[in-house]
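Step one of this worksheet: look at the structure below.
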Amino acid sequence: MTGTNLTRISIVLAALLALSACGNTIRGMGRDTANAVDATQDAGRSVERAAN
């Protein structure tokens with residue numbers, strides 16, 4: 001295997017690793033955002049019940 005091929009394979013593997021890490025981060029941010037929205041809605045319902 002020549003140095004050029006090894007370099008290309010290394011670059012492709014590094015890119016795949018970076019893309020998979022980004023995917024996990026974006027997925028986690030989506031879950032965090034959904035949890036924040038749910039918590040805000042629950043707090044709003046609690047305030048509404050307390051006001052009645």
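Note that the numbering runs from 1 along the sequence shown for the chain.
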Q: State which residues pass salt bridge (Lys or Arg N to Asp or Glu O under 4.0 Å) with Arg45; sequence neighbours excluded, sorted by chain then number.
A: Asp42
Q: May I have all residue pairs that pass side chain to side chain donor-acceptor pair (under 3.5 Å) and include part of residues 26-36, sequence neighbours excluded?
A: Asn24-Arg27
Q: Enumerate the residue pairs fulfilling side chain to side chain donor-acceptor pair (under 3.5 Å) with a member in residues 9-20, sequence neighbours excluded, ordered by first and then second residue.
A: none
Q: Run through the side-chain heavy atoms of Ile, Leu, Val, Met, Phe, Trp and Tyr, join any pair under 4.5 Å, and report what else lands in Ile11's cluster.
A: none
**Q.** side chain to side chain contact (heavy atoms under 4.5 Å, CB included) partners of Thr25, counting only residues at least two apart
**A.** Met29
Q. What do you reckon, is CD of Gln41 surrounded by more than 12 foreign heavy atoms closer than 6.0 Å?
A. yes
